[in-house]
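Here's the structure, in C-alpha cells; my notes come after.
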Amino acid sequence: MTLQDYIKVFRHRWIVIVICTAVAAGVTWFVTPASTDTTKKIGSYTATATILVGSSNSEQGAPNLGRLALYLTTGEVPKRAAAVVDFEGDPALLASGLTVTPDTVSQALTVSATASDGEQAAAVANAFADETVKFIEQADRPGAENATLSVLQPATPIPSAASDGGFVVPPGRGPRTAIATLLGLLAGLGVALILDRLDSRLRSRGEIHAALRMPIVAEVPRLKRSQRNRNVLAVREDPLSIYSDGYRAARTALAHTAGQILPGDYSPRRSAVEPRRAVNSARLVLITSAHASEGKTTSVANLAASFAETGQQVLVLDADLRSPDIHNVFDVPQGAGISDYLTDPGDGSLDAVVRPTSVPGVRIITAGSSLAHPASLASRMGSLLEEAREMADIVLIDTAPLLEASDVFDILPMVDTLMLVVRSGRLTEVAGNRVAELVGRFQVPVSGVIIVGAKAKLGDTYGYGYGDARKTKKKVKRGRKLAEQRRPAPPPASGPQPSDLFDDTNDTTDVSDASRDSRRARRASSA
C-alpha cells in the first residue's frame with residue numbers, strides 16, 4: 001500500500017480511530033488520581049550485620065574467611081537461625097536469601113538479608129551472625145581452630161527505593177493522559193488497517209471498475225441526510241446540484257456512446273438467437289443492481305427526468321414485479337399494469353395501461369395488481385417490450401436485482417443495453433465478479449455503471465459544483481435579495497404576459513402519428 005492508500009483507509013475509518021483514542025484518554029484520566037505522591041516508593045529493606053574475625057594464635061596465621069562463610073550458610077548454623085526467627089520452612093531456603101561477603105583486608109564478614117519487612121530482614125541477619133559466633137566458640141571447627149568471632153555491628157534495616165532504570169511513567173494526570181492518548185491513537189490506526197483488510201466492500205472508482213470490468217459513466221455524490229427522500233426527483237427539484245449532474249452524465253453515456261459486450265467464458269453450442277451487436281442508440285434500457293437498496297429505482301426516476309428535460313418522450317416500465325416502488329416517485333397510484341396485461345392481454349392495447357406522471361414527457365406502466373407469480377410473468381415480456389419500443393424515444397426498465405431474483409434473466413436477452421447501479425460501500429468483490437460473469441454469459445451490451453453515494457469533491461469533474469452549486473446558501477440568498485431590490489416594478493398587465501408564452505409546465509404532448517411513422521421508416525431503412 002502507498003501512503004495515499006493509508007490516508008484513504010484512515011479517512012474512511014476515522015470513527016474507529018477517534019473512539020480508540022477517546023477511550024484510552026478517558027479511562028486514563030478517570031483512573032489517575034488528581035494529586036499523586038511524588039516521593040520514591042520503598043521496594044524492600046536490606047539489613048547488614050558485620051562480623052569481625054580474629055585469631056587466638058598469631059603464629060598460625062589468619063583464619064580462612066571462605067571456610068567461615070561456608071559454616072554460616074550451610075550445616076548447623078542455618079538450622080539454629082531458623083529456630084531463632086521461627087522459620088518453618090527448609091533452613092537452606094532461608095540461607096539462600098543471604099548475601100555473605102568476606103573482606104580479607106579488614107578480616108571481616110558482612111551478612112546481608114533482604115525482605116519487604118525491615119524488622120524481619122534485621123532479625124534474619126542478626127540471627128545468622130549471632131549463631132555463627134556461638135557455633136565457632138563452642139568447639140574447634142576444621143579450618144577455623146584459632147578463629148575468634150565477634151559481632152562488630154548488628155543489622156539495621158535500611159529501605160531501598162525502587163529502581164529508576166528504564167522508562168518511568170510520569171505521575172501526573174496530564175502527562176499520563178497524553179501518553180494514553182498517543183497509545184490509543186496508534187491502536188486506532190492499527191484497528192483501522194485490520195478492519196480494512198477484513199472488509200471486502202468496494203468503495204472507490206478503481207475498485208468497482210476492477211471487480212465489474214465495466215466502464216464507470218457517472219458518479220452520483222452522497223446526499224445530505226436532510227435531502228434523502230426517495231420520492232423527490234433531484235433532477236427537477238434541484239437541477240443545478242452535483243447530484244443532478246451525475247444523472248445527466250449517465251444520460252449522455254446512454255445517448256452518445258455504444259454499449260460494450262463483456263467477454264464471457266461460456267457460449268452455447270446451439271443458439272436460436274443471433275450474436276448480439278452493440279448499438280449506438282439504446283432504445284430499451286434495462287437498469288438494475290446487484291443487490292436491493294442500492295439506488296436502482298431512484299436512478300431510473302432521475303434518468304427519466306433528465307431525458308425528458310431534453311425534449312424526448314420517455315416510457316418507464318416497472319418490471320420489478322417482486323417489489324414495485326417506482327410509481328411512488330412519480331405520484332402514480334398502483335393499478336393495472338404489466339402483470340395485468342401479461343395475465344389477460346385480450347384485445348386491449350398496451351396504451352390502456354400507460355399513465356402520465358408528475359414529470360412532463362415521462363409516462364409509466366406500473367407493475368400491476370396480479371403479482372402472484374412474478375417469475376413466470378417476466379418470461380412473457382417479449383411482445384410487451386417490442387410494443388413499448390414504438391411508444392417513446394427511450395424506454396427505461398426497472399427490474400429486480402441481479403443476484404437476488406431470477407426475473408431479470410428472462411428480460412436480459414430482449415433489451416438493447418444494460419445500465420448497472422452500484423452503491424459505494426455496498427457491493428463486495430465476490431458479488432461484483434459474479435455480476436460480471438453473468439452479464440458476460442448473456443452477451444448483453446453494457447453502457448456502464450452509475451456509482452451512487454460516491455465521495456465526489458467540488459471540481460473533481462467538470463460540471464460537479466460548477467455554477468450556482470458552488471455558492472453557499474448565504475451567497476445565493478443574498479444574490480436573490482439584491483436582484484429583487486434592483487428589479488423594477490412590472491407594468492400593469494393588460495394582456496398575455498411574456499411568461500405565459502413560454503410556460504410549458506402543463507406540456508404533456510405525446511408523440512404524434514407522423515413522428516412515429518418517420519421513426520419506423522428510419523428503422524426499416526437502417527435494417
Minimum-distance pair of heavy atoms, taken over all atoms of [X] and [Y]:
X	Y	value
A25	T177	O-CG2, 3.7 Å
L212	A436	O-CB, 3.3 Å
Y45	S116	CD1-O, 3.3 Å

For [X] and [Y], indicate whether the former's side chain and the latter's backbone hold a donor-acceptor pair under 3.5 Å.
X	Y	answer
E404	H291	no
R283	A392	yes
R355	P333	yes
S306	R248	no
R205	I216	yes
T288	A400	yes
R426	S293	yes
N433	E429	yes
D340	G337	yes
S289	V421	no

[atom2] on [Y] to [atom1] on [X], rounded to 0.5 Å:
X	Y	atom1	atom2	result
L321	M381	CG	CE	6.5 Å
L412	T399	CG	OG1	7.5 Å
L418	L284	CG	CG	12.5 Å
I394	R251	CD1	CZ	11.5 Å
I450	E219	CD1	CD	11.5 Å
L254	L396	CG	CG	7.5 Å

Original post:
Is there a side chain to side chain contact (heavy atoms under 4.5 Å, CB included) between V449 and H209 once you walk through the steps?
Top reply: CA-CA 9 Å; V449 177; H209 174 71; over 6 Å; no
So do [Y] and [X] actually touch side chain to side chain, heavy atoms under 4.5 Å?
X	Y	value
V300	V316	yes
L189	L193	no
V408	L286	yes
I411	L385	yes
I17	L185	yes

**OP:** Using the test salt bridge (Lys or Arg N to Asp or Glu O under 4.0 Å), find all partners of D398 that sit at least two apart in sequence or belong to another chain.
**Re:**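 D398 satisfies salt bridge (Lys or Arg N to Asp or Glu O under 4.0 Å) with K296 only.
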With sequence neighbours excluded, what pairs up with [X] under the side-chain contact (heavy atoms from CB on, under 4.5 Å) test?
X	answer
E207	L202, R203, S204
Q312	F307, T310, D393
S96	L93
A210	none

Original post:
Stepwise, does the side chain to side chain contact (heavy atoms under 4.5 Å, CB included) test hold for R322 with D320?
Top reply: CA-CA 6 Å; R322 296 176 184 264; D320 189 355; 4.2 Å; yes
Subject >> By side chain to side chain donor-acceptor pair (under 3.5 Å) - contacts of R236 (at least two apart) >> reply: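 Counting only residues at least two positions away or on another chain, R236 forms no side chain to side chain donor-acceptor pair (under 3.5 Å).
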**OP:** Take L317 and L384, measure what side chain to side chain contact (heavy atoms under 4.5 Å, CB included) needs, and give me the verdict at the end.
**Re:** CA-CA 10 Å; L317 302 182; L384 184 148; 4.1 Å; yes
Original post:
Do S244 and N302 have a side chain donor and acceptor closer than 3.5 Å?
Top reply: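 No pair is found: no donor N or O on one side chain lies under 3.5 Å from an acceptor on the other.
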Original post:
T114 and S44: side-chain donor and acceptor closer than 3.5 Å?
Top reply: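 There is no such pair (donor and acceptor under 3.5 Å, judged by atom type) between the side chains of T114 and S44.
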Subject >> The single option from V359, V332, L315 passing side-chain contact (heavy atoms from CB on, under 4.5 Å) against I364 >> reply: V332
